[in-house]
Amino acid sequence: MAAMELTILGTSGGYAAPGTACSGYLLRAEGFALVLDLGNGALSNLLRHVPHERVDAVVLTHRHPDHVVDLFPLLLARSFHPEPLPPLPVLAGPGALDRVARLEDPEGRAALARRVEGRDLVPGETVELGPFRLEARPLPHWVPNLGVRVEADGAVLAYTGDTGPSDELVALARGADLLLAEASWLDDQAEGREPFHLTAGEAAEAARRAGVRRLVLTHFWPTNPRERSLEEAAGVFEGPILLAEEGLALDVGRG
């Protein structure tokens with residue numbers, strides 16, 4: 001396995017396009033499995049790569065369902081494991097764990113709380129999870145969202161969660177080996193919308209300004225043709241650009 005490997009679990013934003021899942025990403029290094037967001041459908045793809053009992057930690061960037069709801073069945077699976085499992089470490093942006101807990105009744109919420117070692121994801125705070133070092137920055141969205149910068153074995157990945165354009169995004173991604181950026185809209189869809197999602201061109205502009213080595217576009221609106229996103233980004237960023245797809249695995253430190 002690569003020193004720091006990214007596997008794409010879900011690529012759709014809002015709801016899943018046919019044959020896809022919503023936001024979910026697996027990072028692995030030194031045998032440690034870290035999940036970044038876990039939207040609807042992403043758990044099924046996660047289990048292709050890591051058994052539920054081998055997930056070591058989860059990070060949730062914000063509380064929207066297309067980024068968090070499959071934490072619920074992950075915890076359900078762990079609760080039925082033949083041998084007791086320790087609480088799962090979950091670093092969560094504001095309200096993210098509460099959103100998942102509200103899927104249960106009060107008794108179920110209490111059981112859910114026992115299955116999680118919850119911790120707030122705090123902007124500016126450095127967190128160590130196994131071989132990973134994480135830092136979070138607030139990025140603009142309709143609800144509080146925290147982009148995450150992850151380092152391991154000398155490689156750096158920056159992940160946007162959901163965001164509009166901002167200087168904070170550029171700072172988050174500065175010099176990263178790989179920027180995993182949402183690209184919800186095409187350029188002609190942004191006009192008249194609140195600036196809380198990126199177009200592919202805006203994601204590419206952030207990558208250019210930050211001096212990243214490689215850009216991976218994800219979180220596509222389900223009805224959008226993804227090849228157009230690639231074309232629009234390529235007109236702005238001269239480095240390698242990839243379209244995320246379920247099952248794609250990348251060595252973060254190479255490319």
Q: Under the side chain to side chain contact (heavy atoms under 4.5 Å, CB included) rule, what do M4 and V150 come out as? Steps first, then yes or no, please.
A: CA-CA 10 Å; M4 180 177 173; V150 186; 3.8 Å; yes
Atom [atom1] of [X] and atom [atom2] of [Y]: how far apart are they, to the nearest 0.5 Å?
{"X": "L26", "Y": "L34", "atom1": "CG", "atom2": "CG", "answer": "8.0 Å"}
{"X": "L169", "Y": "E202", "atom1": "CG", "atom2": "CD", "answer": "10.0 Å"}
{"X": "L198", "Y": "T218", "atom1": "CG", "atom2": "OG1", "answer": "12.0 Å"}
{"X": "E5", "Y": "L250", "atom1": "CD", "atom2": "CG", "answer": "8.0 Å"}
{"X": "L121", "Y": "T61", "atom1": "CG", "atom2": "OG1", "answer": "8.5 Å"}
{"X": "R137", "Y": "L139", "atom1": "CZ", "atom2": "CG", "answer": "9.0 Å"}

Q | R119 bridged to E125 by N-O distance under 4.0 Å | A |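 A salt bridge links R119 with E125.
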**Q.** side-chain contact (heavy atoms from CB on, under 4.5 Å) partner of L36, chosen from L157, L91, V58
**A.**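 Considering L157, L91, V58, a side-chain contact (heavy atoms from CB on, under 4.5 Å) with L36 is found only for L157.
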Q. Which residue, L27, L217, I8, forms the side-chain contact (heavy atoms from CB on, under 4.5 Å) with L180?
A.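 With L180 as partner, side-chain contact (heavy atoms from CB on, under 4.5 Å) holds for just one option, I8.
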With sequence neighbours excluded, tell me which residues meet side chain to side chain contact (heavy atoms under 4.5 Å, CB included) with [X].
{"X": "A181", "answer": "T160, L179, A203, L215"}
{"X": "D56", "answer": "F32, A33"}
{"X": "E128", "answer": "T126, R133"}
{"X": "V69", "answer": "N40, P65"}

Closest heavy-atom contact between [X] and [Y]?
{"X": "A29", "Y": "A3", "answer": "CB-O, 3.1 Å"}
{"X": "A16", "Y": "A21", "answer": "CB-CA, 4.0 Å"}
{"X": "A200", "Y": "S229", "answer": "CB-O, 3.3 Å"}
{"X": "L97", "Y": "G118", "answer": "CD1-CA, 4.0 Å"}

Is any side-chain heavy atom of [X] less than 4.5 Å from a side-chain heavy atom of [Y]?
{"X": "V212", "Y": "L178", "answer": "no"}
{"X": "P138", "Y": "L146", "answer": "yes"}
{"X": "Y25", "Y": "L6", "answer": "yes"}
{"X": "S184", "Y": "F220", "answer": "no"}
{"X": "L71", "Y": "V68", "answer": "no"}

Q) Looking only at atom types and distance, does a side-chain atom of N224 sit under 3.5 Å from a main-chain N or O of R226, one as donor and one as acceptor? A)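 No, N224 side chain to R226 backbone: no donor-acceptor pair under 3.5 Å.
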Q.
If the condition is side chain to side chain donor-acceptor pair (under 3.5 Å), which residues does S23 pass it with, not counting sequence neighbours?
A.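 Applying side chain to side chain donor-acceptor pair (under 3.5 Å) to S23 gives none.
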Q: Output all residues satisfying side chain to side chain donor-acceptor pair (under 3.5 Å) with R209, sequence neighbours left out; order by chain, then residue number.
A: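 Once residues adjacent in sequence are excluded, the partners of R209 under the side chain to side chain donor-acceptor pair (under 3.5 Å) criterion are D167.
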Joint hydrophobic cluster, [X] plus [Y], side-chain heavy atoms closer than 4.5 Å:
{"X": "V127", "Y": "V252", "value": "yes"}
{"X": "V116", "Y": "L85", "value": "no"}
{"X": "V35", "Y": "L74", "value": "yes"}
{"X": "V90", "Y": "L103", "value": "yes"}
{"X": "V55", "Y": "L47", "value": "yes"}

(Q) Strictly by salt bridge (Lys or Arg N to Asp or Glu O under 4.0 Å), give each pair with a member in residues 173-195 just once, sequence neighbours left out. (A)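 Sorted result for residues 173-195: D177-R213, D188-R228.
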Q.
Give me each pair satisfying salt bridge (Lys or Arg N to Asp or Glu O under 4.0 Å) with a member in residues 95-112, each pair once, sequence neighbours excluded.
A.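 Applying salt bridge (Lys or Arg N to Asp or Glu O under 4.0 Å) to every pair that reaches into residues 95-112, excluding sequence neighbours, yields nothing.
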Q.
My understanding is that only residues two or more places apart in sequence, or in another chain, count here; which of them pass salt bridge (Lys or Arg N to Asp or Glu O under 4.0 Å) with R115?
A.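 With sequence neighbours excluded, R115 shows a salt bridge (Lys or Arg N to Asp or Glu O under 4.0 Å) to no residue whatsoever.
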Q: Name all pairs fulfilling the ring pair (Phe, Tyr, Trp, His ring centres under 6.0 Å) condition that reach into residues 167-195, sequence neighbours left out, sorted by first residue then second.
A: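 Sorted result for residues 167-195: W185-H197, W185-W221.
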Q. Going by atom types only, do E246 and T11 share a side-chain donor-acceptor pair under 3.5 Å?
A.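 E246 vs T11: donor-acceptor pair found between side chains.
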Q.
Can a side-chain donor-acceptor contact be found between S12 and T20 if the only test is distance below 3.5 angstrom?
A.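 S12 and T20 do have a side-chain donor-acceptor pair below 3.5 Å.
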Taking only distance into account, with no hydrogens and no angle test, what donor-acceptor pairs under 3.5 Å do side-chain atoms of residues 235-244 form with protein atoms, sequence neighbours excluded?
none

Q | Intermediate values then yes/no, salt bridge (Lys or Arg N to Asp or Glu O under 4.0 Å), R149 and E135 | A | CA-CA 5 Å; R149 184 180 177 95; E135 296 180 20; 5.8 Å; no
(Q) I need the full list of side-chain hydrogen bond (donor to acceptor under 3.5 Å, both in side chains) pairs touching residues 62-72, with sequence neighbours left out, sorted by first then second residue. (A)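 For residues 62-72: D37-H67, H62-N145, H62-D162, H64-H141, D66-H219, H67-D162, H67-H219.
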